[in-house]
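This report concerns only the one structure given below.
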Amino acid sequence: SQQGEEDPQALSIQEGENATMNCSYKTSINNLQWYRQNSGRGLVHLILIRSNEREKHSGRLRVTLDTSKKSSSLLITASRAADTASYFCAETSGSRLTFGEGTQLTVNP
Amino acid sequence: GAGVSQTPSNKVTEKGKYVELRCDPISGHTALYWYRQSLGQGPEFLIYFQGTGAADDSGLPNDRFFAVRPEGSVSTLKIQRTERGDSAVYLCASSLSGRRSSYNEQFFGPGTRLTVL
């Protein structure tokens with residue numbers, strides 16, 4: 001079963017704008033990760049944030065974590081058309097990943 | 001180096017048939033995972049191997065699904081008496097270790113798209 005919920009389900013922006021996606025989860029976590037997926041295949045790991053961290057940066061990506069609200073957000077700054085993809089958060093529980101339903105991001109050139 | 005590979009990339013079968021899906025993990029990765037992704041959904045965990053043994057098979061939906069990893073490398077996901085509801089993309093991932101003591105990134109293969117007619 002799906003663990004988290006992500007919003008929005010779909011997001012369409014213009015190139016150069018920032019994109020923010022949110023994720024909520026239901027249980028205690030060791031860490032939370034964000035993945036990207038193009039065309040329904042090939043998940044690519046983007047960034048991991050540990051439960052004792054509140055914010056993390058990687059290039060144009062910024063992830064925040066609020067364990068009191070059981071939520072996380074992924075910000076992509078200065079978006080590019082090549083950022084068009086589905087983005088998923090995933091909770092690490094034990095050794096498995098439990099994914100949310102994802103946000104479909106479309107960046108229009 | 002080579003990533004995780006999966007074969008076939010697409011499989012079309014008829015209801016009631018048996019199928020096998022293959023995963024070749026990254027060399028040296030002891031942990032291997034199978035996930036299933038239905039259209040418009042996130043991947044759902046099926047089973048996790050640490051070495052040759054299934055450490056967690058709680059995600060397998062029913063006894064028609066079975067997976068093996070006899071030599072601790074390649075894994076095969078087997079589905080008996082396929083049903084239309086089994087249609088999905090089946091994703092395989094591997095990591096250096098699946099142990100809880102430290103996090104190891106999971107690297108995903110491109111998936112096998114299974115269509116049951």
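Proteins get letters first, then strands, A, B, ... in listed order; numbering begins at 1 in each.
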* Asked: Can the ring centres of B:F108 and A:Y35 be said to be less than 6.0 Å apart?
  -> yes
* To do: Indicate if A:L61 and A:L32 have the same hydrophobic cluster label, given that clusters are the connected sets of ILVMFWY residues with side-chain heavy-atom separations under 4.5 angstrom.
  => yes
* Report whether B:Y48 and B:L60 are members of the same hydrophobic cluster (ILVMFWY, side-chain heavy atoms less than 4.5 Å apart, transitive linking). => no
* To the nearest 0.5 Å, how far apart are CD in A:E101 and OG in B:S38? -> 10.5 Å
* To do: With rounding to the nearest 0.5 Å, note down the distance linking CG in A:L97 to CD in B:E105.
  => 10.0 Å
* To do: Please say whether more than 12 non-hydrogen atoms of neighbouring residues, nucleotides or ligands are located less than 6.0 Å from CG in B:L117.
  => yes
* Nearest 0.5 Å, what's the CG-OH distance between A:L43 and B:Y35? -> 9.5 Å
* Asked: Could you state the interatomic distance from CD (B:Q106) to CZ (A:R96), rounded to the nearest 0.5 Å?
  -> 11.0 Å
* Asked: Any chain of hydrophobic side-chain contacts (each under 4.5 Å) joining A:L46 to A:V63?
  -> yes
* What about A:I47 and A:L75, same hydrophobic cluster or not, with Ile/Leu/Val/Met/Phe/Trp/Tyr joined at side-chain heavy-atom distances under 4.5 Å? -> no
* Asked: Between the side chains of B:Q37 and A:Q37, is a donor N or O closer than 3.5 angstrom to an acceptor N or O?
  -> yes
